[in-house]
Amino acid sequence: MQVQAVSYCHAFPNFKRCHRNAEINAVAYVSPMRPNLQTVKQHSMPPEKRELFKHLEGWASNTILPILKPVEKCWQPQDFLPLSSLPVDQFTDEVRSLRERVADLSDDLFVVLVGDMITEEALPTYQTMINTLDGVKDETGASDSPWAMWTRMWTAEENRHGDLLSKYLYLSGRVDMKMVDRTVQYLIGSGMDPGTENNPYLGFVYTSFQERATFISHGNTARLAKTCGDSTLAQICGTIAADEKRHELAYGSIVSKLLELDPNGAILAIEDMMRKKITMPGHLMHDGRDSHIFDHFSTVAQRLGVYTAKDYAGIVEFLVEKWGLEKMEELDGDGRKAQDYICRLGQRIRKLQERAEDKAAKCTDTRKVKLSWIFDRELEL
Ligand SMILES: [Fe+2]
Ligand SMILES: [Fe+2]
């Protein structure tokens, strides 16, 4: 087993970043949001367990692949955007009406949309991450293993999310696309390390959590957009949320299967990821200027109720229920300890958050920050 130098950053919105290592920013094209040096395991799944994933290929073909939608039945970004092949006047009218719809949307909402879009646009990182997982990675780039096919077609479905949000934001005229795209480039260059140790047990726990998190945040953004009068944007975010829900179903079903076939191994993997805390995929976000930009985005998302620490606790509780973790009986001593930890975790996070909120309520200081994404306009945090 090898070790590698990385660290984790906490997933809770509002939490301060756990690492700042500006010294590593020695090269101008590398984001300063690089992890600290800390040891972490690699290839932590025992080699004999690879067989389990081989054994599950038939099940994955019959159960997981059908969760994807045939391309011909999938929506495409053009379905929600002004048709660029229209004569110039008509195209311009459509852009004008888009701009009228977004006129009443707040800068706060745009910051959340930009943060969500940048997170979606770092998709190459997520496909890379899944292809680090032993036993399920795409060995050739076009492998016909159902695990590899899932990953490629999941990526292809996801690819539409960032594309659509990016085009909508571009046409809105409300954000500085050069700074937004620069942030995307930095983020892809930085990558991510969610602590999944090349281990598909850990990897699929991570993706189960993250798909639910994105389902919740896009769904909440849809509701806000509707309240603010942009029904097309609401439809866009709602449609993306529906994709995330399907993806959550797939990844959650894989973990359910692992719990059925290897209850101790699977519950220890869930405990491991929960103890590490689920790192947000965009946690290394940087625009080249503001080393706290991810915190600022997270704070705004928390303030608008788009994604909060309560949502994090809610996801933990949802997964405990979905996977029937409280009722599992076939566990050994370590498995029972893991069960106890996971089943109490949601409540513990809620209590911590309530204490943090009480503290925040007593603090009357407000901070103003300038955000490059919105042309350096100030936001109150
Ligand atoms: Fe997505
Ligand atoms: Fe997703």
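Within the 3.5 Å criterion, the main-chain N or O of L325 finds a donor-acceptor partner in the side chain of Q339. Under the 3.5 Å distance criterion, the side-chain polar atoms of E354 are left unmatched by any main-chain donor or acceptor of E357. In this structure, Y186 contributes its side chain and L284 its backbone to no donor-acceptor pair below 3.5 Å. With hydrogens and angles ignored, the 3.5 Å screen pairs a side-chain donor or acceptor of T214 with a backbone N or O of E211. Without hydrogens or angle criteria, D287 side chain to M179 main chain gives no donor-acceptor distance under 3.5 Å. A distance-only check finds no donor-acceptor pair linking the side chain of R174 to the backbone of I374 [under 3.5 Å].
By the side-chain contact (heavy atoms from CB on, under 4.5 Å) test, K178 is found to be paired with D176, R182, residues two or more places apart in sequence or in another chain being considered. The salt bridge (Lys or Arg N to Asp or Glu O under 4.0 Å) search around R50 returns D134, not counting sequence neighbours. When the salt bridge (Lys or Arg N to Asp or Glu O under 4.0 Å) test is applied to E158, no partner is found at least two apart in sequence or on another chain. Shown here are the side-chain hydrogen bond (donor to acceptor under 3.5 Å, both in side chains) partners of T232, two or more places apart in sequence or in another chain: R101. For F80, the ring pair (Phe, Tyr, Trp, His ring centres under 6.0 Å) criterion is met by W75, not counting sequence neighbours. With sequence neighbours left out, E317 forms a side-chain contact (heavy atoms from CB on, under 4.5 Å) with Q347, R350. When the salt bridge (Lys or Arg N to Asp or Glu O under 4.0 Å) test is applied to E326, no partner is found at least two apart in sequence or on another chain. For the salt bridge (Lys or Arg N to Asp or Glu O under 4.0 Å) test, no residue two or more places apart in sequence or in another chain qualifies with R223. With sequence neighbours left out, T125 forms a side-chain contact (heavy atoms from CB on, under 4.5 Å) with A122, I188, M192. For R152, the side-chain hydrogen bond (donor to acceptor under 3.5 Å, both in side chains) partners two or more places apart in sequence, or in a different chain, are D138.
Between V175 and L113, the closest side-chain pair of non-hydrogen atoms is not below 4.5 Å. Inter-residue side-chain proximity for V136 and F204 is flagged as met; some heavy-atom pair is nearer than 4.5 Å. Side-chain contact between T119 and P281 is present, with heavy atoms from C-beta onward closer than 4.5 Å. Here the side chains of Y341 and I270 are not in contact, with every heavy-atom distance at 4.5 Å or above.
Taking 4.0 Å as the cut-off between side-chain N and carboxylate O, K370 and D290 do not count as a salt-bridged pair. A salt bridge links D163 to K167: at least one charged side-chain nitrogen sits closer than 4.0 Å to a carboxylate oxygen. Salt bridge status for D272 with K276: present, with a side-chain N to carboxylate O gap under 4.0 Å. Remark: R289 engages D376 in a salt bridge, criterion side-chain N to carboxylate O under 4.0 Å.
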Working for side chain to side chain donor-acceptor pair (under 3.5 Å), residues D311 and T308: CA-CA 5 Å; D311 290 320; T308 68; 3.3 Å; yes
Verdict with reasoning, E121 to S166, per side-chain contact (heavy atoms from CB on, under 4.5 Å): CA-CA 8 Å; E121 288 282 72; S166 176; 4.0 Å; yes
Chi angles and distances behind the side-chain contact (heavy atoms from CB on, under 4.5 Å) call for W154, T207: CA-CA 12 Å; W154 167 82; T207 49; 5.8 Å; no
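Just one of D181, L165, V180, I293 meets the side-chain contact (heavy atoms from CB on, under 4.5 Å) condition when paired with I118; it is V180.
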Can I get a per-line list of side-chain donor-acceptor pairs under 3.5 Å for residues 254-261, giving both atom names and the distance, sequence neighbours left out?
unit_1	atom_1	unit_2	atom_2	d
S256	OG	G252	O	3.1
K257	NZ	E260	OE2	3.3

Tabulate below the donor-acceptor pairs under 3.5 Å that side-chain atoms of residues 85-94 make, not counting sequence neighbours, or state none.
unit_1	atom_1	unit_2	atom_2	d
T92	OG1	V88	O	2.5
D93	OD1	R96	NH1	2.9
E94	OE1	L83	N	3.3

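The CG atom of N198 sits 12.0 Å away from the NZ atom of K41 when rounded to the nearest 0.5 Å. Of the inter-residue distances, the one linking T132 atom OG1 with Q42 atom CD reads 9.0 Å to the nearest 0.5 angstrom. From C74, atom SG reaches atom CZ of R160 across 4.5 Å, with rounding to the nearest 0.5 Å.
Taking both residues in full, the closest heavy atoms of P66 and S61 are given as CD-O, 3.3 Å, listed atom of the first, atom of the second, then distance. In plain terms, the two heavy atoms of S44 and E197 that are nearest each other are OG-OE1, 2.6 Å.
Between the side chains of S217 and N220, no donor N or O sits under 3.5 Å from an acceptor N or O.
With a 6.0 Å radius and a threshold of 12 heavy atoms from other residues, nucleotides or ligands, K322 has its NZ atom above the threshold.
Using cut-offs of 30° and 60° on the angle between ring planes, the pair H161 and H218 is perpendicular. Classification of the F209-Y312 ring pair by plane angle, with boundaries at 30° and 60°, yields tilted.
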